[in-house]
Amino acid sequence: MTGSAAQPKRVAVTGGSGGIGREICAALSRAGWTTYALDRVPGEGPAGGFVACDLLDPASIDAAVEALYAEDDSPVSLVTSAGIVENDVAAEDLDIGLVDRVMGVNFRGVFLSCQAFGRELLARGGGAIVNVASMSGNHIVNFPQRQCIYNSSKAAVVALTKSLAVEWGPRGVRVNALSPGYIDTPLNGLKTHMHGEWNEATVLGRMGAPDEVAAAVEFLLDERSGYFLGAELLMDGGYSLR
Ligand SMILES: NC(=O)c1ccc[n+]([C@@H]2O[C@H](COP(=O)([O-])OP(=O)(O)OC[C@H]3O[C@@H](n4cnc5c(N)ncnc54)[C@H](O)[C@@H]3O)[C@@H](O)[C@H]2O)c1
């Protein structure tokens with residue numbers, strides 16, 4: 001359980017400088033959380049603090065955790081929003097280095113962040129972790145853009161979320177996942193020519209907004225979602241229903 005009024009609420013958001021991550025930081029700050037954006041780059045004025053962190057480097061994740069607990073011993077919950085995508089590469093042409101980078105950020109980076117922050121939460125009696133996966137993990141395969149490793153990495157994040165939930169739930173650490181559909185952020189900015197198609201393929205007729213993702217993350221972190229464990233919340237405007 002986390003977020004009680006009596007306890008200071010702290011949360012780290014990986015990818016906190018990105019399109020969705022920044023909105024998550026802003027929404028959580030408004031809701032009273034002390035928020036830290038963990039990212040390779042500072043971005044434009046993240047709400048809350050910024051901690052430089054490269055998820056491809058385990059020592060960098062450990063250093064970020066150490067820095068946050070050096071200033072305050074209260075528990076730090078975690079949102080993993082950092083992610084990268086291979087931009088439309090045919091599976092038969094995928095370079096092993098690119099495979100490793102996408103899996104390295106989207107899966108290994110999520111695992112290492114959960115492990116490093118989870119250890120501290122377990123030692124302090126609990127907290128919450130929200131992993132930002134994607135509808136591309138278990139619900140759809142993106143088309144026509146080819147991104148088989150991205151899709152696979154997100155399916156792995158959902159499996160990891162359930163596994164950690166079973167291991168850590170009884171010890172007070174609730175782990176859940178949120179799977180957005182198409183959201184209007186820089187991750188998709190390079191593909192603006194696709195926006196019309198994505199809007200049309202979505203039952204609601206539009207892409208999602210980063211602040212809508214942030215609201216769902218806030219709910220999953222908060223004690224109002226206290227009976228959610230290992231859940232994957234799908235928010236895709238009905239894209240996967242068609
Ligand atoms: N935008 C969408 O349509 C969409 C849909 C479904 C899921 N998602 C997921 O939501 C999350 C956020 O996406 P976004 O649209 O905000 O993307 P974004 O590209 O705007 O932001 C991603 C952030 O991750 C950071 N990052 C990348 N590699 C890193 C590394 N090695 N170490 C630390 N930080 C690193 C980047 O610097 C960036 O700030 C991602 O996990 C993405 O897969 C996005």
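Nothing here was measured: the structure is a model prediction, and the numbers come from that model. Just so you know, ligand 1 is whichever comes first in the structure, and atom 1 is the first atom listed for that ligand.
Between the side chains of Glu71 and Tyr36, at least one donor N or O lies within less than 3.5 Å of an accepting N or O. Side-chain polar atoms of Arg174 and Ser225 form a donor-acceptor pair below 3.5 angstrom. No side-chain donor from either of His195 and Glu200 sits under 3.5 Å from a side-chain acceptor of the other.
Residues Leu220 and Leu178 have side chains in contact (heavy-atom distance under 4.5 Å, counting atoms from C-beta outward). Under the 4.5 Å side-chain criterion, counting only non-hydrogen atoms from C-beta, Trp168 is not in contact with Leu121. Here the side chains of Leu221 and Val79 are in contact, with some heavy-atom distance below 4.5 Å.
Protein heavy atom in closest approach to atom 20 (O) of ligand 1: Gly19 N, 2.9 Å. Protein heavy atom closest to atom 17 (O) of ligand 1, with residue, atom name and distance, is Leu187 CB, 3.4 Å. Given atom 3 (O) of ligand 1, the protein heavy atom at minimum distance is Asn188 ND2, 2.5 Å. Asp39 OD1, 2.6 Å is the protein heavy atom nearest to atom 37 (O) of ligand 1.
For ligand 1, none of its N or O atoms has an N or O atom of Val105 under 3.5 Å away. Considering backbone and side-chain atoms together, Pro180 places no N or O closer than 3.5 Å to any N or O of ligand 1.
Summarising the local packing, CD of Glu66 is surrounded by 12 or fewer heavy atoms from other residues, nucleotides or ligands at distances under 6.0 Å.
A heavy-atom separation below 4.0 Å is found between Cys53 and ligand 1. Residue contacts with ligand 1 include Lys154, since one of its heavy atoms falls under 4.0 Å from the ligand. Using a 4.0 angstrom heavy-atom cutoff, Gly181 counts as in contact with ligand 1.
Shown here are the side chain to side chain contact (heavy atoms under 4.5 Å, CB included) partners of Arg146, two or more places apart in sequence or in another chain: Asp88, Ala90.
Residue contact check: Ile84 has heavy atoms under 4.0 Å from atoms 27 (C), 28 (N) of ligand 1. Residue Gly83 approaches ligand 1 through these ligand atoms, each under 4.0 Å from one of its heavy atoms: 22 (C), 24 (O), 40 (C), 41 (O). Listed by number with element, the atoms of ligand 1 under 4.0 angstrom from any heavy atom of Ser17 are 39 (O). Numbered from 1 in the order shown, with element, the atoms of ligand 1 that lie under 4.0 Å from a heavy atom of Tyr182 read 3 (O). Annotation for ligand 1: atoms under 4.0 Å from non-hydrogen atoms of Thr185 are 1 (N), 14 (P), 15 (O). Remark: ligand 1 atoms within the under-4.0 Å shell around heavy atoms of Ser81 are 11 (C), 12 (C), 40 (C), 41 (O). Atoms of ligand 1 lying under 4.0 Å from at least one heavy atom of Val41, given by number and element, are 37 (O). Taking a cut-off of under 4.0 Å to the non-hydrogen atoms of Ala133, the atoms of ligand 1 that pass are 7 (C), 9 (C).
In the hydrophobic clustering, where aliphatic and aromatic side chains (Ile, Leu, Val, Met, Phe, Trp, Tyr) are joined below 4.5 Å either directly or transitively, Met207 groups with Met135, Ile140, Tyr182, Met194, Trp198, Leu234, Tyr239.
Of all the heavy atoms of Pro210, none lies under 4.0 Å from any atom of ligand 1, so neither backbone nor side chain is involved. With a 4.0 Å cut-off on non-hydrogen atoms, Ile20 touches ligand 1 through its backbone as well as its side chain.
Each of Val130, Asn131, Leu160 was scored for a side-chain contact (heavy atoms from CB on, under 4.5 Å) with Thr80, with one residue passing: Asn131.
Using a cut-off of 4.0 Å between Lys/Arg side-chain N and Asp/Glu carboxylate O, Asp73 and Arg124 are scored as salt-bridged. The pair Arg206-Glu212 counts as a salt bridge, with a side-chain nitrogen and a carboxylate oxygen less than 4.0 angstrom apart.
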